[in-house]
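The structure appears right after this line, and notes come after that.
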Amino acid sequence: MRDWLDGLEPRERRLVLAGGLLLGLLLGYALVADPLLSAYGERASRVEQQRAELVWMQQTTARIQQLQAAGGAQGAGLGDRSLLAVVDGSAREAGLGNVLRRVRPDGALAVRVWFEGVPFDALVEWLGRLDREFQVQVKLITLERQPEAGRVHAQLTLEAAG
């Protein structure tokens with residue numbers, strides 16, 4: 001190879017050496033630098049994703065601790081209000097008034113409640129609030145899934161403690 005290179009004209013030799021140098025640089029980039037840069041970019045992306053997850057976990061932890069603290073305090077019960085009034089009023093306060101169809105007494109300490117197309121998550125949150133704040137618990141529940149995601153028809157029997 002050395003003999004072949006020495007046999008070339010000086011101009012051709014410079015051209016071959018420059019092409020070889022350029023080829024060496026391109027191969028070095030393709031085999032070393034590019035994979036390193038790609039790996040660095042992927043790791044940086046993963047770090048950002050994990051930071052976002054950490055922030056979410058910290059916020060969720062704070063919310064869980066807040067709910068546990070609120071759940072630890074016993075509600076005052078119904079006070080001087082009727083179970084019917086508490087259930088109806090709290091459902092409307094929770095934004096469920098537009099899907100609340102009927103509330104009627106079911107004995108001295110219970111009421112029956114009908115919802116149509118209620119958001120399931122909002123229903124569960126409302127039931128948790130009733131339990132925490134008023135010591136009203138679900139005695140019987142019937143749910144029927146609706147075509148719209150996250151919505152159900154619900155029939156509940158709620159009972160006051162005591």
Side-chain angles (χ1 to χ4, degrees), residues 23-162:
L23 181 63
L25 289 174
L26 287 174
L27 281 174
Y29 177 79
L31 297 175
V32 177
D34 188 46
L36 287 175
L37 291 173
S38 293
Y40 176 77
E42 289 172 12
R43 288 215 159 79
S45 174
R46 260 192 260 151
V47 166
E48 285 303 315
Q49 180 183 3
Q50 289 176 347
R51 282 186 180 149
E53 288 176 6
L54 176 63
V55 168
W56 176 82
M57 285 185 213
Q58 289 170 335
Q59 291 171 345
T60 303
T61 299
R63 178 73 176 136
I64 289 171
Q65 289 171 343
Q66 185 182 39
L67 289 172
Q68 285 175 338
Q74 282 293 332
L78 300 175
D80 60 351
R81 296 169 56 188
S82 72
L83 178 59
L84 190 70
V86 166
V87 168
D88 186 64
S90 65
R92 293 183 192 290
E93 286 174 14
L96 302 177
N98 59 334
V99 291
L100 179 63
R101 293 299 169 242
R102 190 170 24 166
V103 180
R104 73 171 170 90
D106 188 32
L109 295 174
V111 294
R112 298 232 351 153
V113 185
W114 287 263
F115 290 99
E116 287 184 10
V118 64
F120 180 77
D121 292 343
L123 178 67
V124 171
E125 287 180 25
W126 173 68
L127 291 172
R129 179 176 172 234
L130 280 177
D131 183 37
R132 279 190 315 274
E133 294 181 16
F134 303 106
Q135 297 174 342
V136 173
Q137 298 172 346
V138 178
K139 181 177 175 184
L140 179 68
I141 186 168
T142 304
L143 300 173
E144 180 183 335
R145 183 173 34 175
Q146 296 302 296
E148 187 178 344
R151 293 200 176 255
V152 296
H153 287 338
Q155 294 180 19
L156 306 142
T157 301
L158 303 173
E159 192 172 66

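Throughout, numbering of the chain's residues begins at 1 and tracks the sequence.
Looking only at side-chain heavy atoms (C-beta outward), Val113 and Leu100 come within less than 4.5 Å of each other. At a threshold of 4.5 Å between non-hydrogen side-chain atoms, the residues Leu83 and Leu109 do not count as touching. Side-chain contact between Leu130 and Val86 is present, with heavy atoms from C-beta onward closer than 4.5 Å. Between Leu96 and Val118, the closest side-chain pair of non-hydrogen atoms falls below 4.5 Å. Using a 4.5 Å cut-off on side-chain heavy atoms (C-beta onward), Thr157 and Val111 make no contact. Side-chain contact between Leu123 and Leu143: present, with at least one pair of heavy atoms (C-beta onward) separated by less than 4.5 Å.
Under the side chain to side chain contact (heavy atoms under 4.5 Å, CB included) criterion, Leu23 pairs with Leu27, not counting sequence neighbours. For the salt bridge (charged side-chain N to carboxylate O under 4.0 Å, His left out) test, no residue two or more places apart in sequence or in another chain qualifies with Glu144. Arg101 pairs by the salt bridge (charged side-chain N to carboxylate O under 4.0 Å, His left out) definition with Glu116, not counting sequence neighbours. A search for side chain to side chain donor-acceptor pair (under 3.5 Å) contacts involving Arg92 returns Asp88, not counting sequence neighbours. By the side chain to side chain donor-acceptor pair (under 3.5 Å) test, Arg104 pairs with no residue at all, sequence neighbours left out. By the salt bridge (charged side-chain N to carboxylate O under 4.0 Å, His left out) test, Glu125 pairs with no residue at all, sequence neighbours left out. In this structure Arg151 satisfies the side chain to side chain donor-acceptor pair (under 3.5 Å) test together with Glu148, sequence neighbours excluded. Residues forming a side chain to side chain contact (heavy atoms under 4.5 Å, CB included) with Ser82 (at least two apart in sequence, or on another chain): Leu84, Ala85.
Sorted by first and then second residue, the ring pair (Phe, Tyr, Trp, His ring centres under 6.0 Å) pairs involving residues 92-128 (not counting sequence neighbours) are Phe115-Trp126.
Distance CG/Leu127 to CG/Leu158: 6.5 Å, rounded to 0.5 Å. With rounding to the nearest 0.5 Å, the separation of CG in Leu156 from CG in Asp106 is 12.0 Å. To the nearest 0.5 Å, atoms CD (Gln146) and NE2 (His153) are separated by 3.5 Å. We find the CD-CD distance between Gln135 and Glu159 to be 12.5 Å, quoted to the nearest 0.5 Å.
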For residues 34-57, tabulate all N or O donor-acceptor pairs below 3.5 Å that involve a side-chain atom, not counting sequence neighbours.
{"unit_1": "Ser38", "atom_1": "OG", "unit_2": "Asp34", "atom_2": "O", "d": "3.1"}
{"unit_1": "Glu48", "atom_1": "OE2", "unit_2": "Arg51", "atom_2": "NH1", "d": "3.1"}

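At most 12 non-hydrogen atoms from other residues, nucleotides or ligands lie less than 6.0 angstrom from CZ of Arg145.
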